[in-house]
Q: 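Okay, handing you the structure first.
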Amino acid sequence: MDAIKTEVYNILESAIHAAVAAGELAISEVPTIPFSPTKTPEHGDIATPIALGLAKQARMAPRNIAEIIVKHIDPDAHAIIRQIDIAGAGFINIHLSDNYLYDTLHTIAAMQAAYGTCEKGAGKQVQIEFVSANPTGPLNIVSGRAAAVGDTLVNLLNAIGCNAIREFYVNDAGGQVQRFGESIDDRYRQALGEEGLEIPEGGYQGEYLQAFAQTIVETEGDAYLQLETDERVALFRDKGIAHILTQQRTSLERFGVNFDVWSSEKAIRDSGKPEEIIRVFRENGYLYEAEGATWFRMTDFGDDKDCVVIKSDGEYTYFVPDAAYHRDKFDRGFTTVIDLLGPDHQGHITHLKNFVKGLGMPDDWLEIFIIQQVNLVNAEGNRLDMSKRRGQFYTLDTLIDELAETVGEQFAVDVARYFFLMRANSSHLDFNMELAITHASENPVFYIQYAHARCCSIFEQGAEQGITPKPIQEVSLKRLSEPMEHELIRKLAEFPSIVLLSAEAREAHRIPHYLHELSGIFHPYYNQHRVLDPADMEKTHARLILIQSVQSVLKNGLTLLGISAPTSM
RNA sequence: GCGCCUGUAGCUCAGUGGAUUAGAGCAUCUGACUACGGAUCAGAAGGCCGGGGGUUCGAAUCCUCUCAGGCGCUCCA
């Protein structure tokens, strides 16, 4: 809660206490006073349904209670309040005096790029693990969505004062990558003319593997045929992983996502932590042997079935290194860990949480969110299959390539990020390629960027006319008296609380919506009111301050999303 | 069968238990400046918020049942 709300809160609280003292309100204790958002200017700047909440306790009609509370507030005694209304069922609507509105502009001018940030999360060490795609193929669209969301969440958490980092967990060990190596081997031998080879069930069939095998043949010939099969497969596996990883990293960088830490499952396995985990589980009685395997008692934690942690062949299932990995995160000192998982990992959530609980870490230490699936829809409205196991799928790079053809590389990234970010994580997302490509110019991201570019353009125009913006201290903000100007300022004032809410709720999509709303006030204002008016320089300078503020907030918001704020388009 | 997600305007989606008229974008229809950038703006039309029941002064929102769609329930990762 910011300073203004705190001040209003105190005024309301003392009014209620005064009413109780005067014997007009029969309540035993004053509850926390809630504020409700005001949707229209008629509802003032701050509204509270407190009278409705007190109705039962006080055994009075909400409207009467509101009247009593308001009676004990003297608007003239508080500079902050311009007017108080009682509306609807008993809402108390508070209109702030213009000076407090203008304070927002002073705050923005003073904080600039830092406007919107706070220190609420100070001291929190947060790690967000996201994308973490298998190193067996190019990144698909869901990974792109996860990349955009994770990257933005880190930005948001850092904005509220946390120390948050981006981490990618590479599944470079286990059965999947083994089969990956085998698939490369098959392709390699195929490329050398061996016939009758078929990619087995569970193998990787993507064309990119044929191309990769072909490259090996072209650069190194058939030398590897001399090796034993196991040796060759292991070698190809490692070569393949390194190749794919580089590719994934390049795609992510192109998408504007740079991970701080790349963790390796293989390294975790080699660290001895899995053995440590097993030891702890065993000591706590969570394990038992059956059917030749070792099982974890998931049912002790309320799940409906137990799960295998050590297979009958002596190998760990992926659960063990994953649990060890989370233990490792804990040991590294993170106070909060957030995992963004793909839609096919739902079953993993309770397992992971139970393991973490079994290792004695706090319940709320690990947060897991599913980034829901993205369905690519083609012109006919048919869904395209994006499975990595199938031959063809749509990659993040292909998406950017196709968008770039019509809107250019930078905007392609911007548009894709915006599309991925504009919906709640839990919402399934239909990505209509035709629409994204052919109607790119009608995309909401352009609307926002255009608003920013327009702001910049005003200053350019001003410069041509010899108008230099004045420092805010020398400007008469009173001249910002149009209703739309007040509406704009109120919207600008919301930004820090939107950032805070968005970060705390891990809901990145609130930022795109906010920016779109802000742009939706700016554009009409721009159309109706001329900023540069040589005949009235006082007004011009006041409006330039407003435009500067809008520009700052748009830029700060877009920056959080990893989307560019162009000065011209 | 069990679990998770989703269901809001023709389409894609926002919506924190609170306000008369449930909001945007796209699509549709009608309009706009000799103007700081028309990638803009003004307006119209479009809704039993999947359905039933419950809690409440008040429910798109909470609870419950139910219907529909998606996904997950491997000694795969």
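Note that the coordinates shown come from a computational prediction; the quantities given were computed from them, not determined experimentally. Every chain is numbered from 1 and lettered A, B, ... according to where its sequence line falls, protein lines coming before strand lines.
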Q: Could you state the CG-P distance from A:Asp313 to B:U74, rounded to the nearest angstrom?
A: 18 Å
Q: Strictly below 4.0 Å: does A:Tyr447 bring a side-chain N or O up to OP1 or OP2 of B:C41?
A: yes
Q: From NZ of A:Lys305 over to C1' of B:C75, roughly how many Å is that when rounded to an integer?
A: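 Nearest whole value for this atom pair: 13 Å.
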Q: Remember a base hit wins even if backbone is also touched, and classify A:Ala424 as base, sugar-phosphate or nothing at under 4.0 Å, heavy atoms.
A: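 Sugar-phosphate contact only - A:Ala424 comes under 4.0 Å of backbone atoms but never of a base.
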Q: Looking for any heavy atom pair under 4.0 Å, which part of the strands does A:Ala505 touch: base, sugar-phosphate only, or nothing?
A: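 Contact class for A:Ala505: none.
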Q: If you only use heavy atoms from C-beta on, which nucleotide in B:A19, B:G37, B:A42 is closest to the side chain of A:Tyr526?
A: B:G37
Q: Kindly indicate whether the side chain of A:Asp322 and the base of B:A77 share any N or O donor-acceptor pair separated by less than 3.5 Å?
A: no
Q: What is the distance, to the nearest angstrom, from the CZ atom on A:Arg423 to the C1' atom on B:C26?
A: 11 Å
Q: What distance, rounded to whole Å, do you find between the two P atoms, one in B:A45 and one in B:C29?
A: 16 Å
Q: If the P atom of B:C48 is compared with that of B:G10, how far apart are they to the nearest Å?
A: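 Those two atoms are separated by 7 Å.
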Q: Can you tell which of B:A24, B:A77, B:A39 lies closest to the side chain of A:His516?
A: B:A24
Q: If you only use heavy atoms from C-beta on, which nucleotide in B:C75, B:U40, B:A14 is closest to the side chain of A:Tyr450?
A: B:U40
Q: Which nucleotide in the list B:A24, B:G70, B:C41 gets nearest to the side chain of A:Gln373?
A: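 Output: B:G70.
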Q: What's the gap between B:G15 and B:U30 when it is taken at their C1' atoms, as a whole Å value?
A: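 Per the computed distance, 30 Å lies between those C1' atoms.
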Q: Take atom CD of A:Glu517 and atom P of B:C13, then tell me their distance rounded to the nearest Å.
A: 19 Å
Q: Which of parallel (below 30°), tilted (30 to 60°) and perpendicular (above 60°) describes A:Tyr450 and A:His523?
A: parallel
Q: Partners of A:Met537 by side-chain contact (heavy atoms from CB on, under 4.5 Å), sequence neighbours excluded?
A: A:Ile467, A:Thr540, A:His541
Q: Check whether any side-chain N or O of A:Arg510 sits under 4.0 Å from OP1 or OP2 of B:U16, and answer yes or no.
A: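 Answer is yes, contact under 4.0 Å.
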Q: Between B:C75, B:A24, B:C41, which nucleotide gets closest to the side-chain atoms of A:His523?
A: B:C41
Q: Regarding A:Arg530, tell me which of base, sugar-phosphate or nothing describes its non-hydrogen contacts under 4.0 Å with the strands shown.
A: base
Q: Determine the Euclidean distance between corresponding C1' atoms of B:C4 and B:G43; express it in Å to zero decimal places.
A: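 Those two atoms are separated by 44 Å.
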Q: Quick one: is A:Lys311 getting a side-chain N or O under 4.0 Å of the B:C76 phosphate, OP1 or OP2?
A: yes
Q: Does A:Ala424 have any side-chain contact (heavy atoms from CB on, under 4.5 Å) partners at least two apart in sequence or in another chain, and if so, which?
A: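 Per chain and number, A:Ala424 pairs via side-chain contact (heavy atoms from CB on, under 4.5 Å) with A:Ser426, A:Ser427, A:His509.
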Q: Please report the distance separating the C1' of B:C62 from the corresponding atom of B:C57, rounded so that it comes out in whole Å.
A: 16 Å
Q: From B:C41, B:G18, B:C75, pick the nucleotide closest to the side chain of A:Pro49?
A: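 It is B:G18.
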Q: Verify, without hydrogens or angle tests, whether A:Gln248 (side chain) and A:Asn134 (backbone) share a donor-acceptor contact under 3.5 angstrom.
A: yes
Q: Taking the C1' atom of each, how far is B:U64 from B:A27, in whole Å?
A: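 So the two C1' atoms sit 39 Å from each other.
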Q: Pick the P atom in B:C67 and in B:U16, then give their distance to the nearest Å.
A: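 Going atom to atom, P in each nucleotide, I get 28 Å.
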Q: Over all strands shown, is A:Glu460 touching base, sugar-phosphate only, or nothing at heavy-atom distances under 4.0 angstrom?
A: nothing
Q: Under 4.0 Å between a side-chain N or O of A:His509 and OP1 or OP2 of B:G15?
A: yes
Q: So A:Glu494 and A:Ser497, side-chain hydrogen bond (donor to acceptor under 3.5 Å, both in side chains) or not? Walk me through it.
A: CA-CA 6 Å; A:Glu494 273 180 38; A:Ser497 58; over 6 Å; no
Q: Which whole-number value in Å describes the distance from A:Glu315 CD to B:A77 C1'?
A: 14 Å
Q: Going by heavy atoms in the side chains, are A:Ile349 and A:His345 under 4.5 Å from each other?
A: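 A side-chain contact under 4.5 Å is absent here.
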Q: Holding to side-chain contact (heavy atoms from CB on, under 4.5 Å), I want the full list of residues that pass it with A:Gln548, two or more places apart in sequence or in another chain.
A: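 Partners of A:Gln548 by the side-chain contact (heavy atoms from CB on, under 4.5 Å) criterion, ordered by chain and then number, come out as A:Phe459, A:Pro469, A:Ile545.
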Q: A:Glu291 has a side chain; which of B:A77, B:C75, B:A42 sits nearest to it?
A: B:C75
Q: Looking only at side-chain atoms of A:Glu265, point me to the closest of B:A77, B:C73, B:A14.
A: B:A77
Q: Between A:Ile458 (CD1) and B:C36 (C1'), how many Å, whole number?
A: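 It is 5 Å, rounded to the nearest whole Å.
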Q: Rounded to whole Å, how long is the line connecting atom CZ of A:Arg454 with atom P of B:A35?
A: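 Interatomic distance, CZ of A:Arg454 to P of B:A35: 14 Å.
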Q: As an exercise, state the distance from CG of A:Leu209 to CZ of A:Phe180, rounded to the nearest 0.5 Å.
A: 5.0 Å
Q: Test: salt bridge (Lys or Arg N to Asp or Glu O under 4.0 Å). Region: residues 412-426 of chain A. Which pairs qualify, not counting sequence neighbours?
A: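 For residues 412-426 of chain A, and leaving out neighbouring residues, the salt bridge (Lys or Arg N to Asp or Glu O under 4.0 Å) pairs sorted by first residue read A:Asp151-A:Arg417.
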Q: Answer with yes or no whether A:Ser312 presents, from its side chain, a donor or acceptor under 3.5 Å of a partner atom in the base of B:C75.
A: yes
Q: Applying salt bridge (charged side-chain N to carboxylate O under 4.0 Å, His left out) to A:Glu167 and A:Lys329, what does each step give before you reach the verdict?
A: CA-CA 10 Å; A:Glu167 187 154 329; A:Lys329 294 184 188 189; 5.9 Å; no
Q: Between the side chains of A:Tyr288 and A:Asp306, is a donor N or O closer than 3.5 angstrom to an acceptor N or O?
A: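 Short answer, yes.
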Q: Grab the N/O contacts between the protein and nucleotides 2-5 of chain B below 3.5 Å, and write none if there aren't any.
A:
residue	atom	partner	partner atom	Å
B:G3	N2	A:Gln346	OE1	2.4
B:C4	O2	A:Gln346	OE1	3.4
B:C4	O2	A:Gln346	NE2	3.3
B:C5	O2'	A:Ser426	O	2.6
B:C5	O2	A:His428	NE2	3.4

Q: Judged by each residue's nearest nucleotide on RNA chain B, which is more toward the 5′ side, A:Gly347 or A:Cys307?
A: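 Whichever sits nearer the 5' end wins; that is A:Gly347.
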Q: Phosphate oxygens OP1/OP2 of B:G37: is one of them under 4.0 Å from a side-chain N or O of A:Ser457?
A: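 A:Ser457 to B:G37 OP1/OP2: side-chain N or O found under 4.0 Å.
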Q: Taking only the P atom of each, what is the distance from B:A24 to B:U34 in whole angstrom?
A: 29 Å
Q: What pattern of brackets, bars and dots sums up RNA chain B from 5' to 3', given Watson-Crick or G-U wobble pairs under 3.5 Å, [ ] for crossing pairs and | for another strand?
A: (((((((..((((.........)))).(((((.......))))).....(((((.......))))))))))))....
Q: So A:His351, base contact, sugar-phosphate only, or nothing? Heavy-atom distance under 4.0 Å.
A: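 A:His351: no heavy atom of the nucleic acid under 4.0 Å.
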Q: Start at the 5' end of RNA chain B and walk down; is the nucleotide closest to A:Asp172 or to A:Ser568 reached first?
A: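 Final value for this comparison: A:Ser568.
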Q: For the residue pair A:His351 / A:Asp322, report whether a side-chain donor-acceptor contact shorter than 3.5 Å exists.
A: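 The criterion, which ignores hydrogens and geometry beyond distance, is not satisfied for A:His351 and A:Asp322.
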Q: When you compare the ring of A:Phe91 with the six-membered ring of B:A19's base, are the centres less than 5.5 Å apart and the planes under 30° from each other?
A: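 Stacked: ring centres under 5.5 Å, planes under 30°.
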Q: Could you tell me how far apart A:Phe446 (CZ) and B:A39 (P) are, to the nearest whole angstrom?
A: 12 Å
Q: What I want to check is whether the side chains of A:Ser143 and A:Asn140 have a donor and an acceptor closer together than 3.5 Å.
A: yes
